[in-house]
Each structure stands twice: as C-alpha cells, then as structure tokens.
Chemist: 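The structure is given below, and queries will be raised subsequently.
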Amino acid sequence: MSFKDETVSGYKSYLRNKLYIGAVLVVALTVTIIFSIKVGAANLSVYEILNGLVNSQAAGASIIWNIRIPRILAAIIAGCCMGIEGCIMQNVLRNPLASPYTMGISQGAAFGAAFAIIVLGAGALNSTQADAVIVNNPYLTVFAAFLGAMIGVSIILLIARVRSVTPEAMILAGVAMSAMFTAGTMFLQYFASDTQVAATVFWTFGDVGRAVWSDVWIMFILLIPALAYFMYHAWDYNSLEIGEETAKGLGVNTDRIRLHGMLISSFTSAVTVAFLGVIGFVGLIAPHIMRRIIGTDHRFLIPTSAILGALILLVSDTVARAILAPIVLPVGIITSFLGAPLFFYIIMKMGR
Amino acid sequence: MKMVLSVDKVEFSYGKANILKDINFKVKKGDFVSILGVNGSGKSTLMKCINRILKFKEGMIFVEERDVREMKEIEIARKMGYVPQRSETGFITVFDAVLLGRKPYIKWDVSSKDIELTEEILKVMNLEEYALRYINELSGGEMQKVVIARALVQQPRILLLDEPTSDLDLKNQLEVMKLIKEVSCAQNIASIVVMHDINLALRYSDKFIVLKDGQVFTSGGREVITPELIKEAYGVDVHIKTFEGVPLVIPKSQ
C-alpha cells in the first residue's frame, strides 16, 4: 500500500467514525421515542401502543395520536431547531455564548406574549384544577410572541447591516435588547391583574405539550429548508471557524453568511418560542457538547447538534412527565436542571 | 512578458486617514516579491487590497489581465491564496484544515479531486504524518506550514503571505521560506510576501517593494537595498555586507 492511500484512507476512516457517532445518537433518540410514547398518565401497555399506532379504532389510539405523538414530534422538531440555531449563531457570531436566548429572541417573545395577554386581553384566563392556566386566545398570543421575538433581532441585524458592526457588538446589542424586553414585560406585569400576571408567567414556562398537529407541521416545514440552507453552507461555517480574514481569502462573503445565518436561525427560533414558550439551554449546550465530541466540521456538527438537541429536549420532556406524575412539569424547567450539571461535567472533563 | 498582477494607482483610506497612496507595481509569474517597510507603512493593507478583502476606491488591480473589481469573491479566491498574519486554530484535523483551501471549488461537498490535491500538498509540505492531528495541538512552525498548504491547495496564480515567518524559530523560518520559494518555482506561482526580517527577504526574494507612509518608496532587485534606503525607510543606520553571495544588513552599533 502506498503512502498516498494511507493518508486518504486514514482520513476517510476518521470521517466514518463521525458517522458512527451520528448513528449512535439516532439510535438513542429512537429508544427515547419508544419509551416516551409509553410514559404518561394513561398507562398503556406495549401491546396497546403498537395496536394504537396501526389501528385508529384501538383503545389507546386517540391518546397516542392526539396527545403523545404531537408532543413527542414537537419536542424532536423544536430540539432540532434549537441545536441548529445555537450551532449557527455560535459560529457566525464567533462567540460561545450566542444562542436565541442571548440575542434577546426569547425575551422578545415573552414580551410579545405578555403584551397580547395583558394589553390585548388575550388572557382573561380560567384556572382549572391542578395546573392548567389557559390562555384564552392562543393564536393572538402566538402571533404577538413571534413578532416580539423578531423585532429585537431584526433591529440588531439592520444596524449590523447598515453600520457593518462586529459580531461582538451584535452580541452586546442582543444582551441590551434582552434587558429592554425584560423591563418591558415587568412594566406590563406591574399594572396587570393577578391572573394576567399568572398567565404571562405560565406562558414563559416553555412546554412542548402546547403543540397541536398544525404547530408541529409548521415547525417541520420551516426546519427542512433551514437545515438544507445550513448544510449547503457547511464549508462557509468551517471557513469562519478559522478566522474572518482567512474565510474572506477563501472567497467567503462573511457579512452575507453572518446576516443570512442569523436571519434564518432567528426566524426558526422565533417560531418555536412562539408556539412552545421559553425553553432555555438546549440551543446553548447541544452544539457545545457535539463540538467537543465530533469537532468543528460543520458537515457533521450541524446534523448531530440537531439530533442531540432533539434528544435532550425529548428526554427532558419525558422526565418532566414522569418525575412528579400525574403532575406534568413544563420542560423548560427540566432542560436547565438536567442540562446545567451535564454541561459542567463536560466542561470539567474536557476542559480546554 | 505577461504580467500576473499589475497594480495601478491604487489608493485606500479608512475614513479620512489615507493609508495607501498612488501604489504602482507589476509582478511576473514565478516572481518572489518581498514587501518591506516599518509597522504602519501600509503593507498588510496593500495585501488585503490586492485580493479585495478591502475595497479600494481609486486605481485598478489586474490579475491575469482581469480587473479584480469585476471578479466574484470566489473567482478571486481561485486566483489568489491569502495567508493573514494570524489565523485561529480549532478542533479540526490538519487534513480538514488544508482541505478547506478547496472552498472556492466546493459546492455541496468536497470531490475526490479535492481530497487528492490535499493529499498531494500534504506530501509536498512534509505534513503527511500530521494529517490526522488536531491543529490546536501543532507548534507554530507546523501551523504555519498548514496555512501555507491551505493557500497552495487553492491552486492560486498568486500567493499573498502576510509575515509568514514572524512567529517562527530560525530553523522554521528558513524551512518555510525555502518551501515557499520551491513551490512557487515549481508551480510557477507569483509570491508576494510581507517581511519584517530584511535579511531573510534578501536571502530568498528576487524583487523588493519598500513602502513608506503608504507609498512605494523604492522597488526593484536586490541592488535597491542600500544603507541609504534603510536609513530613509526604517530610520536605522546599517552596514550592508555580502556574505556567501547574499547581502547582509547589519545595524551599526550606535
């Protein structure tokens, strides 16, 4: 065997290892899905689940198809979105802290939702039994949350476009924007009734259980072209990874890549947060964990961050449903509870 | 003789500060040009103007008789390989880092030709045994070879190197300069190199452009490097002695 073949075949087997890691993630996700269908208030046996999946007349079918499957799919799709958004934002802004949360998207959405509930009266609410505080007009709230999420980040991107500011300045602007939205939300809450305040607070507890089939479809239809766009530009992100000037020297229009990356990831993020509420940490940790395991090659980093994001969110939601059953916790609480220690562990273990 | 690069009356300014004024020069295939001058004389800015990282307003630059202002970023990247002063490391292998030089040719993903060319360059640069090392584990000299290999795998007509030897020890300085010289000869590439070490430049270059206050102060062959020129351009009194056929610049002791 010649020297030449050795280097190339070594490289190819190195790439193959990355695919194996991806395959392990897919298997883990599949196992979690099966387990997640089983967990819940109505105790279904494996037979009932299998029967319910194929036979719409079966006893468990309605629970499976109307409650558990949309919830699981929402967790998977939203988790994918979050993993990708974090991955792209951290890359294009050259900052390990970049995520929809640091760019003020979540806070903007919370403000929008609070505005709809308190000012537009979408949330004269009825508190039923144990946990359900129901927002009366979910469509108005979702729409206002989406607008709130997009406004802040659009202003930042517009300024960045006109004044060609640095990525660091964009991050700082995002932090400032978050503070402004948080203050705005507090201002609204100060003058609101108890029940309205309760409704806005409840809204911010991100919960994948809110998703109905139409929400799932919308998120899915957005995820596919976004993922395709990001994968197509994987080599541009790889170039950015080794420095702005080198990337430019390789013919990458870094300003355009940055702007489009931010725009698309902000948009998908605004949609998920509007439907599901604030779910922190997944977008931050999924890409960081994958970067440490698989490296910064975005051909592999983008899809594996997506799968890991889905896995984290689905595991968290399954735990949220099981841990204090029959009480179902909002998944946003669990992601941070599970995510932070896991993240600590990884930083300590692989500390660089 | 066909010029691979010609720079014609180029001016560049950041806001009101005029960085480059009336820059003119031409470079032939296979030339090894050193750009000399003190810090802040506009050397790096000139490099970035040549490959349009900075958008100069006045003047014209032609690469193989094409106006760079009319070329797309990707076309420029196919003609010129650029190595900036600093490049970030990361959690990627040497192979990936060099393969990235094929970026101007990649659509969805790399082709087998890209892989082959990368492998060839690694061999030429003696980097084969490092192929699967992570670049953040490399020494300064190894890393410099990696970034030069990346620029070469772009298959450029012109290599633009901004202080390629500034962080290297003596052995690596000589090795890197020798590699650049050999490769540019073998592939008939014009190399334009910003240098701080005048002696190293004299040893390997055949053409010199000396910048002062954003203007071309002098240009030409080794003969233009005189004690008077160094005094004018750098403000330092020196002797120039020839040793083993190579001129040596030695600062006077007080």
Side-chain angles (χ1 to χ4, degrees), chain A residues 2-18 90-91 94 96 164 228-257 287-302 350 352, chain B residues 44 47-48 51-54 71-97 99-110 112 115-116 118-120 122-123 127-129 131-132 134-136 146-147 150-151 154 156 160 162:
Chain A
S2 78
F3 220 168
K4 172 173 181 164
D5 296 333
E6 237 170 75
T7 309
V8 173
S9 66
Y11 179 66
K12 290 200 166 146
S13 80
Y14 161 78
L15 294 186
R16 223 171 295 125
N17 286 341
K18 297 193 184 202
Q90 285 157 19
N91 174 272
R94 313 296 319 121
S164 60
Y229 171 86
F230 292 138
M231 286 306 290
Y232 182 72
H233 288 283
W235 284 96
D236 294 282
Y237 303 123
N238 286 349
S239 314
L240 267 179
E241 202 69 42
I242 49 161
E244 184 91 12
E245 289 188 341
T246 311
K248 283 181 178 166
L250 292 169
V252 177
N253 185 334
T254 54
D255 290 338
R256 188 166 61 208
I257 287 293
H288 274 301
I289 293 172
M290 284 329 297
R291 220 172 259 132
R292 274 153 201 270
I293 294 173
I294 217 166
T296 49
D297 186 342
H298 283 70
R299 289 179 291 171
F300 301 95
L301 185 60
I302 295 170
M350 316 192 62
R352 277 187 298 134
Chain B
S44 298
M47 298 294 264
K48 289 181 206 167
N51 74 347
R52 286 289 277 168
I53 286 183
L54 293 175
M71 293 165 76
K72 288 198 209 115
E73 290 107 340
I74 208 164
E75 291 178 298
I76 294 177
R78 287 176 187 179
K79 295 283 182 200
M80 296 189 236
Y82 170 61
V83 176
Q85 269 179 42
R86 270 173 290 277
S87 36
E88 291 168 36
T89 64
F91 192 24
I92 54 170
T93 59
V94 167
F95 199 101
D96 283 316
L99 184 58
L100 202 49
R102 297 300 295 167
K103 172 73 190 69
Y105 304 87
I106 294 171
K107 293 227 158 35
W108 274 92
D109 203 0
V110 291
S112 51
I115 303 267
E116 263 169 46
T118 302
E119 199 279 334
E120 269 174 46
L122 288 175
K123 199 177 214 168
L127 285 167
E128 270 184 317
E129 56 176 309
L132 294 182
Y134 289 105
I135 56 171
N136 52 17
V146 168
V147 293
R150 177 194 300 143
Q154 280 173 256
L160 301 169
D162 200 343

Chemist: Which bit of B:V147 is near chain A, if near means a heavy-atom gap under 4.5 Å: side chain, backbone, both or neither?
Modeler: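 Neither part, no heavy atoms under 4.5 Å.
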
Chemist: Taking every non-hydrogen pair under 4.5 Å, which of A:D297, A:T254, A:D236, A:V252 racks up the most with chain B?
Modeler: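 Most heavy-atom pairs under 4.5 Å with chain B: A:D236.
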
Chemist: Quick one: what part of B:T118 sits under 4.5 Å from any heavy atom of chain A, side chain, backbone, both or neither?
Modeler: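 Nothing of B:T118, per the 4.5 Å heavy-atom cut-off to chain A.
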
Chemist: Please flag which part of A:Y232 lies under 4.5 Å from any non-hydrogen atom of chain B: side chain, backbone, both or neither.
Modeler: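 Both backbone and side chain of A:Y232 come within 4.5 Å of chain B.
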
Chemist: Find the distance between CD (A:E6) and CD (B:E129) and round it off to the nearest 0.5 Å.
Modeler: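 CD of B:E129 is found 12.0 Å from CD of A:E6.
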
Chemist: Do A:T7 and B:K123 have side chains that get closer than 4.5 Å, going by heavy atoms?
Modeler: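 No, side chains not in contact.
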
Chemist: What is the minimum heavy-atom distance between B:Q154 and A:G249, and which atoms define it?
Modeler: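 Smallest interatomic distance, heavy atoms only, reads NE2-O, 3.5 Å.
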
Chemist: Contact part of B:R150 toward chain A, heavy-atom cut-off under 4.5 Å: side chain, backbone, both or neither?
Modeler: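 Answer is side chain: those atoms of B:R150 sit under 4.5 Å from chain A.
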
Chemist: Taking atom NZ of A:K12 and atom CZ of B:F95, what is their separation to the nearest 0.5 Å?
Modeler: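 Answer rounded to 0.5 Å: 8.5 Å.
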
Chemist: Taking only residues at least two apart or on different chains, which pairs with a member in residues 80-92 of chain B satisfy salt bridge (Lys or Arg N to Asp or Glu O under 4.0 Å)?
Modeler: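 Listed by first then second residue: A:R94-B:E88.
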
Chemist: Answer whether the closest heavy-atom distance between the side chains of A:E241 and B:I92 falls below 4.5 Å.
Modeler: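 They are not in side-chain contact.
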
Chemist: Rounded to the nearest 0.5 Å, what separation is found between the CD1 atom of B:I115 and the OH atom of A:Y11?
Modeler: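 Between atom CD1 of B:I115 and atom OH of A:Y11 there are 5.5 Å.
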
Chemist: With a 4.5 angstrom heavy-atom cut-off, could you sort out which part of B:N51 is near chain A: side chain, backbone, both or neither?
Modeler: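 The side chain, not the backbone.
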
Chemist: With sequence neighbours left out, write down each residue that passes salt bridge (charged side-chain N to carboxylate O under 4.0 Å, His left out) with A:E245, or none if nothing qualifies.
Modeler: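 Salt bridge (charged side-chain N to carboxylate O under 4.0 Å, His left out) check on A:E245 returns B:K48.
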
Chemist: With the side chain counted from C-beta on, respond yes when A:W235 and B:L99 share a heavy-atom pair under 4.5 Å apart, and no when they do not.
Modeler: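 They are in contact (side-chain heavy atoms under 4.5 Å apart), so the answer is yes.
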
Chemist: Are any of the side-chain heavy atoms of B:E73 and A:L250 separated by less than 4.5 Å?
Modeler: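 They are not in contact (no side-chain heavy atoms under 4.5 Å apart), so the answer is no.
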
Chemist: Heavy atoms only, distances under 4.5 angstrom: which of B:V83, B:D109, B:L100, B:L160 has the most pairs with chain A? Name it, please.
Modeler: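 Sorted descending by pairs with chain A, the first entry is B:L100.
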
Chemist: Under a 4.5 Å heavy-atom cutoff, which of B:G81, B:P104, B:A131 has the most pairs with chain A?
Modeler: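 The residue among B:G81, B:P104, B:A131 with the greatest pair count is B:P104.
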
